[in-house]
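First comes the structure, then the notes that go with it.
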Amino acid sequence: MKTTPKIALVDDDRNILTSVSIGLEAEGFAVETYTDGATALAAFGRSPPDLAVLDIKMPRMDGMEVLRRLRQASSLPVIFLTSKDDELDEVLGLRMGADDYIRKPFSQRLLIERIKALLRRAEAAGEGDDARPEPLMVRGRLTLDPLRHACTWDGQQVTLTVTEFLILQALAQRPGHVKSRDQLMDAAYDDQVYVDDRTIDSHIKRLRKKFKTVDPDFGSIETLYGIGYKFDEV
């Protein structure tokens with residue numbers, strides 16, 4: 001029996017918390033709200049949600065710091081709420097490990113659809129009651145376990161977000177073959193969700209950084225400028 005997905009909303013604007021909560025609860029979600037990052041992070045440690053929606057500019061602890069601390073030990077799906085024209089926040093958030101972002105002011109329906117899409121991706125990438133066992137994907141020093149959403153390099157664990165895992169899996173399926181940004185978008189995002197090239201580029205940079213923490217010489221994800229990316233099996 002499936003449990004009701006729990007969504008955490010973290011924003012110092014109480015009007016946003018109230019209106020979005022009503023919309024999510026009408027869609028069948030359980031919702032927890034927080035007005036600052038420090039309180040939210042402490043609560044996540046006691047009882048993690050299934051997905052978090054984080055505002056960036058908040059008192060006590062901003063969304064960037066919440067995400068930084070989360071990513072030290074968790075691949076919890078995260079959607080950032082960013083200022084309308086603040087591209088720096090968007091890029092930095094993605095590089096730190098956010099799965100998606102939405103600009104304020106935003107459509108509630110858009111946010112709800114993004115939440116649903118990300119939860120579907122998390123469920124597909126993780127272990128579920130109805131999941132069929134999938135074989136390990138071994139590509140040289142890389143091992144991916146689609147059932148458990150686990151990744152290792154030379155036997156060392158590399159913790160990935162849902163989006164990062166799906167992008168890497170798409171690249172590693174055919175080593176040496178180039179994947180365009182559009183193909184990677186299709187692999188990692190729901191058909192109804194539009195993301196731009198910068199989003200994929202930021203996730204790739206994040207992937208490289210994570211692998212370099214366990215192997216400073218890592219270079220298996222290659223950029224082909226103007227074309228896309230490929231994974232080289234070593």
Side-chain angles (χ1 to χ4, degrees), residues 1-11 16-17 19-34 37 40-41 43-56 63 66-67 70-71 73-82 90 93-94 96-104 106-134 144-151 159-170 184-195 199-200 202-203 206-207:
M1 182 176 179
K2 287 188 176 181
T3 58
T4 301
K6 181 170 65 175
I7 310 300
L9 301 177
V10 191
D11 198 306
I16 289 178
L17 294 181
S19 61
V20 175
S21 293
I22 292 172
L24 286 172
E25 288 169 353
E27 295 286 334
F29 294 107
V31 182
E32 295 180 345
T33 62
Y34 307 92
L41 190 63
F44 295 173
R46 296 189 297 269
S47 178
D50 294 292
L51 182 146
V53 179
L54 302 178
D55 186 26
I56 290 182
V66 173
L67 179 65
L70 274 176
R71 287 294 176 255
S74 171
S75 58
L76 172 74
V78 169
I79 296 175
F80 258 145
L81 299 180
T82 72
E90 294 165 7
L94 290 168
M96 291 176 65
D99 292 278
D100 205 347
Y101 67 86
I102 292 180
R103 295 187 181 102
K104 292 182 177 181
F106 57 88
S107 156
Q108 271 203 52
R109 174 48 52 189
L110 173 62
L111 176 59
I112 290 171
E113 290 304 318
R114 291 285 183 96
I115 288 172
K116 288 180 177 179
L118 188 49
L119 288 175
R120 284 196 296 269
R121 287 155 49 202
E123 183 177 2
E127 182 176 4
D129 293 337
D130 300 323
R132 296 176 60 188
E134 295 184 53
L144 296 176
D145 183 345
L147 184 61
R148 294 177 177 80
H149 190 194
C151 170
T159 302
L160 305 179
T161 67
V162 173
T163 309
E164 291 163 355
F165 186 90
L166 293 174
I167 289 173
L168 180 60
Q169 185 179 39
L184 294 177
M185 290 176 196
D186 290 342
Y189 285 87
D190 188 90
D191 290 341
Q192 298 178 355
V193 175
Y194 170 78
V195 294
T199 302
I200 296 298
S202 293
H203 286 308
R206 178 72 177 172
L207 275 168

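Computed over heavy atoms, backbone and side chain alike; hydrogens, waters and symmetry mates excluded.
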Taken to the nearest 0.5 Å, the spacing of Leu9 CG from Leu111 CG works out to 7.5 Å

Residue set satisfying side chain to side chain donor-acceptor pair (under 3.5 Å) with Ser107, at least two apart, ordered chain then number -> none

Distance-only donor-acceptor pairs under 3.5 Å for side chains of residues 25-32, two or more places apart:
unit_1: Glu27; atom_1: OE1; unit_2: Lys116; atom_2: NZ; d: 2.7
unit_1: Glu27; atom_1: OE2; unit_2: Arg109; atom_2: NH2; d: 2.9
unit_1: Glu32; atom_1: OE1; unit_2: Tyr34; atom_2: OH; d: 2.8

Paired with Tyr101, the side chain to side chain contact (heavy atoms under 4.5 Å, CB included) test is passed by just one of Leu54, Ile56, Leu81, Thr199, namely Thr199

Looking only at heavy atoms, the pair that brings His203 and Ala98 closest together is CE1-O, 3.1 Å

### Query
Less than 4.5 Å apart, any side-chain heavy atom of Asp11 and any of Lys104?
yes

Paired with Ile7, the side chain to side chain contact (heavy atoms under 4.5 Å, CB included) test is passed by just one of Leu51, Thr33, Ile79, namely Leu51

Worksheet item: Are Glu164 and Cys151 close enough, and set up right, to give a side-chain contact (heavy atoms from CB on, under 4.5 Å), and what steps lead you there?
Response: CA-CA 11 Å; Glu164 291 163 355; Cys151 170; over 6 Å; no

On a heavy-atom basis, the closest approach of Pro77 and Asp50 is CD-O, 3.4 Å

Decide yes or no on side-chain contact (heavy atoms from CB on, under 4.5 Å) for Leu24 and Ile112, but give the supporting numbers first.
CA-CA 7 Å; Leu24 286 172; Ile112 290 171; 3.8 Å; yes

Separation between CD1 (Ile115) and CG (Leu110), nearest 0.5 Å, reads 10.0 Å

Taking every heavy atom of Ser75 against every heavy atom of Leu160, the minimum-distance pair comes out as CB-O, 3.1 Å

Open item on the list: I'd like to know whether Val66 forms a side-chain contact (heavy atoms from CB on, under 4.5 Å) with Val10, so could you lay out the CA-CA distance, the side-chain angles of the two residues, the decisive distance to 0.1 Å, and finally the verdict.
Closed with: CA-CA 10 Å; Val66 173; Val10 191; 5.8 Å; no

dist Ile102:CD1 -> Gln108:CD (nearest 0.5 Å) comes out at 11.0 Å

Output for pair (Asp100 CG, Leu118 CG), nearest 0.5 Å, gives 7.0 Å

Sorted by chain and residue number, the side chain to side chain donor-acceptor pair (under 3.5 Å) partners of Arg71 (sequence neighbours excluded) come out as Asp99

In this structure, OG1 of Thr163 is separated from CE of Met185 (nearest 0.5 Å) by 12.5 Å

dist Leu166:CG -> Asp186:CG (nearest 0.5 Å) comes out at 12.0 Å

